[in-house]
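One structure below.
Since we're looking at a predicted model, the values are computed, not measured. So that the names make sense, note that chain A is the first sequence line, chain B the second, and so on, each numbered from 1.
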Number of protein chains: 2
Amino acid sequence: MNIGEVSHRSGLPAKTIRYYEDIGLILPLRDANGYRAFRESDLHKLRFLGRARALGFTIDDCRALLALWEDKGRASSEVRKIASAHLTAIQTKITDLQLMHATLSHLVDCCAGDDRPDCPILHSLEAPA
Amino acid sequence: MNIGEVSHRSGLPAKTIRYYEDIGLILPLRDANGYRAFRESDLHKLRFLGRARALGFTIDDCRALLALWEDKGRASSEVRKIASAHLTAIQTKITDLQLMHATLSHLVDCCAGDDRPDCPILHSLEAPA
DNA sequence: CCTTGACCTTCCCGTTGCTGGAACCCCCAT
DNA sequence: ATGGGGGTTCCAGCAACGGGAAGGTCAAGG
């Protein structure tokens with residue numbers, strides 16, 4: 001399989017796949033002409049990576065998860081630990097964003113948004129309530 | 001005012017303040033010795049920037065908001081437009097994160113997290129339900 | 001007067017996870 | 001032979017800074 005087909009079948013851009021090889025997440029073979037020769041197992045890994053990334057895992061998380069995935073004798077507690085830590089991080093982000101949203105939507109509600117120069121949003125940025 | 005004092009009074013790291021000058025958000029004067037000489041107005045701007053950044057506005061947003069802030073005759077609708085667009089972006093992020101959180105917390109709940117090798121989290125990354 | 005230590009300066013590299021582009025090679029069909 | 005659509009490498013850049021080196025400056029203390 002060339003990179004184009006793998007890209008198509010994994011849903012990842014070719015650039016991303018090359019990058020993943022660069023940082024050692026995958027190690028495709030090479031044809032005589034220098035083209036990357038992907039095995040089915042490479043494709044599986046790439047799909048795995050795509051799903052993990054879509055869940056917001058960092059590349060380093062992915063590296064660890066991939067290693068655990070390959071390690072048939074691993075304990076599921078390891079995986080669960082990574083996932084739980086990630087869950088906490090996600091929750092923190094959500095809370096932060098919700099706070100931002102509340103503050104800002106309050107300001108937007110206060111703002112007439114017409115052609116007058118008086119703007120409560122700017123006032124608040126100037127000195128918070 | 002030297003950068004240390006401004007840093008203290010604005011709550012922004014000195015590095016960040018220098019960066020903001022670099023990209024043209026502020027333009028402090030200079031003393032004979034080359035030290036930056038900040039006016040009160042620079043401090044006000046930096047506080048403004050700090051608050052806007054804390055609300056998640058991008059640097060480009062901040063640049064626009066700062067210009068509107070300085071423009072005494074501006075219409076508040078301009079500000080409101082920027083803020084509303086930002087609100088939408090925040091909401092999108094929140095929704096994405098909530099989806100991630102739901103998916104992942106379901107997986108974590110399914111995972112025994114013990115020393116057995118069978119792990120539903122990895123299974124799901126392998127091939128989604 | 002000299003030193004010490006806290007401050008300030010510029011500059012350059014590293015971060016995260018890619019993305020775009022240039023310059024080049026390869027293969028197949030016309 | 002030529003054209004188009006693969007592929008390859010490397011280099012640069014995004015956001016928004018942070019770390020750290022190498023050096024200039026200033027005020028206080030011995």
Side-chain angles (χ1 to χ4, degrees), chain A residues 1-38 42-43 45-46 48-66 85-86 89-90 92-93 96-97 100, chain B residues 1-38 42-43 45-46 48-66 82 85-86 89-90 93 96-97 100:
Chain A
M1 257 187 295
N2 282 347
I3 201 168
E5 188 182 343
V6 174
S7 168
H8 184 73
R9 292 178 60 189
S10 68
L12 296 173
K15 277 275 189 188
T16 300
I17 297 173
R18 293 199 191 95
Y19 173 66
Y20 286 171
E21 180 185 3
D22 249 29
I23 62 174
L25 286 178
I26 53 168
L27 193 59
L29 303 175
R30 293 285 179 153
D31 279 341
N33 57 12
Y35 286 20
R36 287 170 183 80
F38 295 87
D42 295 315
L43 178 57
K45 278 197 200 179
L46 287 170
F48 181 97
L49 288 169
R51 293 199 191 96
R53 293 285 302 131
L55 283 174
F57 284 103
T58 65
I59 291 285
D60 265 1
D61 284 340
C62 289
R63 200 185 296 277
L65 289 172
L66 206 48
H86 185 43
I90 291 176
T92 301
K93 276 188 197 166
D96 285 356
L97 286 172
M100 275 187 207
Chain B
M1 253 186 298
N2 281 347
I3 201 168
E5 188 181 343
V6 174
S7 168
H8 183 73
R9 291 179 59 188
S10 68
L12 295 173
K15 276 278 189 186
T16 299
I17 297 174
R18 293 197 191 97
Y19 174 67
Y20 286 172
E21 180 185 3
D22 248 28
I23 61 173
L25 286 179
I26 52 169
L27 193 59
L29 303 175
R30 292 287 178 152
D31 280 339
N33 57 12
Y35 285 20
R36 288 171 181 81
F38 295 86
D42 294 317
L43 178 57
K45 277 196 201 180
L46 287 169
F48 180 97
L49 288 169
R51 294 198 189 97
R53 293 285 302 129
L55 283 174
F57 284 103
T58 66
I59 291 285
D60 266 1
D61 284 340
C62 289
R63 200 186 296 277
L65 289 173
L66 207 48
I82 295 175
H86 185 42
I90 291 176
K93 276 190 197 166
D96 284 357
L97 286 171
M100 275 187 207

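- The distance from atom CD1 of Ile26(A) to atom P of dC18(C) is 12 Å, rounded to the nearest whole Å.
- Note on Arg36(B): every side-chain N or O is 4.0 Å or more away from OP1 and OP2 of dC7(C).
- Here Thr58(B) contributes atom OG1 and Arg63(B) contributes atom CZ; the two are 9.5 Å apart, rounded to the nearest 0.5 Å.
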### Query
So Asp31(B) and Asn2(B), side-chain contact (heavy atoms from CB on, under 4.5 Å) or not? Walk me through it.
CA-CA 9 Å; Asp31(B) 280 339; Asn2(B) 281 347; 4.2 Å; yes
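- With rounding to whole Å, Arg63(A) atom CZ is found 12 Å from dG17(C) atom C1'.
- At a threshold of 4.0 angstrom between heavy atoms, the contacts of Ile3(B) are confined to the sugar-phosphate backbone, with no base atom among them.
- Protein chain A touches strand DNA chain D; the 5'-most and 3'-most nucleotides with an atom under 4.0 angstrom of its non-hydrogen atoms are dG6(D) to dC10(D).
- For the pair Ile3(A) and Ala14(A), the tightest heavy-atom approach, listed with the atom from each and the gap, is CD1-O, 3.7 Å.
- In this structure, Phe57(A) and His86(A) approach most closely via the heavy-atom pair N-NE2, 3.4 Å.
- Taken to the nearest 0.5 Å, the CZ atom of Arg9(B) stands 11.0 Å off from the CG atom of Leu46(B).
- The residue among Tyr20(B) and Asn2(A) whose nearest nucleotide of DNA chain D lies closer to the 5′ end is Asn2(A).
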### Message
Is there a salt bridge (Lys or Arg N to Asp or Glu O under 4.0 Å) between Lys15(A) and Glu21(A)? Walk through the geometry before answering.
### Response
CA-CA 10 Å; Lys15(A) 277 275 189 188; Glu21(A) 180 185 3; over 6 Å; no
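- Judged by closest nucleotide on DNA chain D, Phe57(B) is the one of Phe57(B) and Lys15(B) placed further toward the 5' end.
- Going from atom CZ of Arg18(B) over to atom C1' of dC12(C) covers 14 Å, rounded to whole Å.
- Distance from the side chain of Tyr35(B) is smallest for dC8(C) among the nucleotides dC27(C), dC8(C), dG17(C).
- In this structure, CG in Leu66(B) is found 5.0 Å from CG in Leu49(B), a value given to the nearest 0.5 Å.
- When the P atom of dC18(C) is taken as reference, atom CG of Asp22(A) falls 13 Å away, rounded to whole Å.
- For dT16(C), the OP1/OP2 oxygens have no side-chain nitrogen or oxygen of Thr58(A) closer than 4.0 Å.
- What separates NE2 of His8(B) from C1' of dC8(C) is a distance of 18 Å, to the nearest Å.
- Distance, Arg30(A) CZ to dC26(C) C1': 14 Å, rounded to whole Å.
- Taking atom CE of residue Met1(B) and atom C1' of nucleotide dC8(C), one finds them 16 Å apart after rounding to whole Å.
- Between Ala14(B) and Asp60(A), the residue anchored nearer the 5' end of DNA chain C, judged by the nucleotide with its closest heavy atom, is Ala14(B).
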